[in-house]
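Everything below concerns the one structure shown next.
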Amino acid sequence: MSGRPEVLFPLFASLVSLPGIGPKLARAFGQMEINTPRDLLFTLPNSGVDRRIRPSVKGVDLPATVTTEATVLRHLPNRAKGRPYRVRVSDSEVEFPLVFFHANPDWLQKRLPEGERRVISGRAELFDGTVQMVHPDHILAPEEARKLPQFEPVYPLTLGITQRVMVKAMAAAVERAPELDDWLDSAFLESNGWPRWRAAVTGVHSPESTTDIRSDAPARQRLAYDELLAHQVTLALARFRRRKRKGRSTTANGRLQAKALEALPYRPTGAQERAMREISEDLAASERMNRLLQGDVGSGKTIVAFMSLLAAVEAGGQGVLMAPTELLARQHMEALRPIAEAAHVVLEVFTGRNRGKERAAKLAALKNGEIQILLGTHAVFQEEVVFRDLRIAVVDEQHRFGVAQRMELGRKGDAVDVLVMTATPIPRSLSLTHFGDMDMSVLDEKPPGRTPVSTAAVPDRRIGQVETQLKAAVETGRQAYWVCPLVDESDIRPQTAAEERFLRLRAVFGERAVGLVHGQLPPGERDAAMAAFVAGETRVLVATTVIEVGIDVPNASIMVIEGAESFGLAQLHQLRGRVGRGSERSTCLLLYRSPLSDSARRRLDIVRATEDGFRIAEEDLAMRGAGDVLGTAQSGLPRFRIADWERHAALLSAANHDARNLVASDPELKTRRGRAMRTLLWLLEQDKAIAMISVG
């Protein structure tokens, strides 16, 4: 693909090329990530001020911005240092002062000559019962007043940039916006009531009322759609390129899978069967699999993943399942060993703790193909780890492994198929953008035998009662988790809070009955504490959020979350998912400290109201925003200047559909619309997409 189209050159020039912007101002704009006229165009006003001229400030609900024509009566210079300078004016109904601090009297005499009429616009307020206006925004002669916009856009600012500078720079940038061949179909524009691109850019910067600043204003929607579409086209091109990359067909015969399914104590759910079918079809195809297996807590992802690993073995190859922690790798081992034995498959675990002879033996067995399925941690990425014939890599908990590491796994074999599992339900809008280059299988049913968890919120002043009831439950043979919060508001580190609770509960339950795990414990101690709890030797496990993901103890039926108000929605849901895994009626107690903030109250109410992880994820998105739901630092979410995850979610589905159709029919972007789409990709700096078309 040739370079950036010439028509866009003026938008990508230096800011210094705009009138009135020198190097110093350009540096200040840089603080706002505005480095070109194009960046200015996509910096939209976040509010606006009504500047329509009114006959008088009288009758206006103050404080408010008011524009009125008034006669200048007299100047009242400041008598003492530090006192303000006042100018009395009179509109058609009332007399009031304009107030100036640190005034330049000569400048004020020139701007406001006594006896003359002036249009004054600024924030009027009541001070000691009378109207005053401090430092008006505009002072104009009546004949100049038509320059004043009736509705003035207000832009976000940074140190060194005023509204006046921003408005002037913006006007110059808008002037540079070219007429472009539209990448959106005119019938589509018409059906949505959207303007063409240049009209949309002009419109967003010259709003006529607050309605034009809302996210559902036609010009804003159109520009938001452009951003979403460019991003979705990038993902669609990535998907298309990936499909063209040669994979290997891994055709399973179902023999080992049938034995494993027979060993299960229940029949797979419809959702599990559907996911297994989708994965089998991907494995058998000649393109590489890149699939996301998404399922709520306890929806049975591990079994689905294990069946896909068995498919690789049936085809004569090997499979690897990557877990984010050693604890989880070993737990997968415990859970899957009996099923692997039933299928006569060699299953091994490989972590950083494998040393010396044991390590060498495992590496040799892996290289010669004796180990058919490997469960591992980051240790598997080491160079000495060599497979005989790796066909499929399953990655547990997406957000702990970056894309680069997924690709590294892919290099451990010849065209390795990748399946990513996540236990965090992701709202559809986010999955379309964050995982848009992947195919998706969703487990939206719970396996039989899962019991609903009854959830209650309890103020922490009743902690003594909770301990008494817990003691009674433990005496009947039940087990419980007690999760301690991350204590933000003090300097106590989370493990200190957990250690204190551990000592307190040992005094109540007896020394041998209570175990402790937190992130700072040496791995050996942590594993031993977990093993004692799994074996039922300890009845209560005090923990920090290290138990959030994947720990599976069917006999544990009580979850106490202390300081529940300090946890996020998704975290509360994940923690609660550790219970309700056996046939025993399960309980989750949310211990909170009063008074609750509105958002904390809403979080606790939502968790009490539903166990549906997808509904909780949607609520979480609405409350916190997309970056936080996925963890901003690692979210890999595109940063849009105009599109807004929550407000423009409906546009996202349309953009996804549109992009898939366009790339399917014109993968080289050579048609008239395809060429216009290239311009959009350049305009929105979708370098990845541009590179893919260039190579493509």
Is there a side chain to side chain contact (heavy atoms under 4.5 Å, CB included) between Met289 and Ile392? Walk through the geometry before answering. CA-CA 9 Å; Met289 174 169 79; Ile392 178 170; 3.6 Å; yes
Quick one: are [X] and [Y] in side-chain contact, heavy atoms under 4.5 Å?
X      : Y      : result
Tyr266 : Ile303 : yes
Ser299 : Asp444 : no
Ile279 : Leu419 : yes

Could you walk me through whether Trp482 and Val514 satisfy the side chain to side chain contact (heavy atoms under 4.5 Å, CB included) test, starting with their C-alpha distance in whole Å, then the side-chain angles of each, then the deciding distance to 0.1 Å, before giving a yes or no? CA-CA 10 Å; Trp482 188 300; Val514 185; over 6 Å; no
Any side-chain to backbone donor/acceptor pair from [X] onto [Y]? Under 3.5 Å, distance only.
X      : Y      : result
Arg539 : Gly536 : yes
Thr351 : Arg353 : yes
Gln294 : Thr422 : no
Glu314 : Arg255 : yes
Ser249 : Ala284 : yes
Gln272 : Leu443 : no
Gln372 : Val345 : no
Lys259 : Glu341 : no
Arg603 : Phe567 : yes
Arg585 : Ser454 : no

Between the CZ atom in Phe509 and the OG1 atom in Thr538, the distance rounded to the nearest 0.5 Å is 12.0 Å
Checking Thr455 against Arg576 for the side chain to side chain donor-acceptor pair (under 3.5 Å) test, could you report, in this order, the C-alpha distance in whole Å, the side-chain angles of both residues, the deciding distance, and whether it holds? CA-CA 9 Å; Thr455 306; Arg576 172 173 60 185; 2.9 Å; yes
Going by an N to O cut-off under 4.0 Å, is there a salt bridge joining [X] and [Y]?
X      : Y      : result
Glu358 : Arg355 : no
Asp389 : Lys367 : no
Arg388 : Glu370 : no
Arg608 : Asp605 : yes
Glu562 : Arg501 : yes
Lys471 : Glu467 : no
Glu384 : Arg359 : yes

Minimal non-hydrogen separation, Ala343 against Leu256, with atom names: O-CD2, 3.2 Å
Partners of Asp282 by salt bridge (charged side-chain N to carboxylate O under 4.0 Å, His left out), sequence neighbours excluded? Arg291
Please test Glu611 against His573 for side chain to side chain donor-acceptor pair (under 3.5 Å), starting from the C-alpha separation and ending with a verdict. CA-CA 7 Å; Glu611 280 190 74; His573 177 63; over 6 Å; no
Go through the side-chain N and O atoms of Glu499 and His518 and say whether any donor and acceptor fall under 3.5 Å apart. yes
Run the side chain to side chain contact (heavy atoms under 4.5 Å, CB included) test on Leu366 and Val386 for me, step by step, so that the C-alpha distance in whole Å, both residues' side-chain angles and the decisive distance to 0.1 Å come before the verdict. CA-CA 7 Å; Leu366 198 61; Val386 178; over 6 Å; no
Glu273 and Arg267: salt bridge (Lys or Arg N to Asp or Glu O under 4.0 Å), yes or no, with the steps? CA-CA 10 Å; Glu273 285 179 342; Arg267 271 194 59 123; 3.2 Å; yes
Begin from the C-alpha positions of Leu470 and Ile558 and carry the test side chain to side chain contact (heavy atoms under 4.5 Å, CB included) through to its verdict. CA-CA 8 Å; Leu470 191 58; Ile558 300 166; 3.8 Å; yes
